[in-house]
Amino acid sequence: LTNLVFCQPGTRVVEIFNPGDARTFYPALAAVAGVIHRPLWGSRAVGRPALEDYEVDPAELEKMIG
C-alpha cells in the first residue's frame with residue numbers, strides 16, 4: 001500500500017486487516033495523499049487455526065467498493 005502516494009486524490013482504497021491487527025501507517029499515508037481509506041477487518045476462518053487464515057464478508061466488501 002505504499003503506492004498510495006501515487007493515487008489520485010479521492011481514490012477509494014479498502015485495506016483488509018486480519019483479526020487483531022490495526023496498523024495506523026497506511027490510513028495516515030492515505031490522509032496525506034488525499035485518498036479515501038476504508039478499513040475492513042476479517043474474522044477467523046472457521047476450522048483454520050493459523051492467524052493468517054481469515055475471511056471477510058463478500059457483501060460487506062462489495063458495499064465498501066460499490
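Under a 4.5 Å side-chain heavy-atom criterion applied to ILVMFWY residues, the cluster that includes Ile36 comprises that residue alone. Alongside Phe6, the hydrophobic cluster contains Leu1, Leu4, Val5, Val13, Phe25, Tyr26, Leu29, Val35 (criterion: ILVMFWY side chains under 4.5 Å).
Rounding to the nearest 0.5 Å places CZ of Phe17 at 9.0 Å from OH of Tyr54.
Sequence neighbours left out, the pairs with a member in residues 4-15 that pass side chain to side chain donor-acceptor pair (under 3.5 Å) are Glu15-His37.
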Can you give me every donor-acceptor pair (side chain of residues 56-66, partner residue at least two apart or in another chain, under 3.5 Å) with its distance?
| unit_1 | atom_1 | unit_2 | atom_2 | d |
| --- | --- | --- | --- | --- |
| Asp57 | OD1 | Ala59 | N | 3.1 |
| Glu60 | OE1 | Lys63 | NZ | 3.3 |

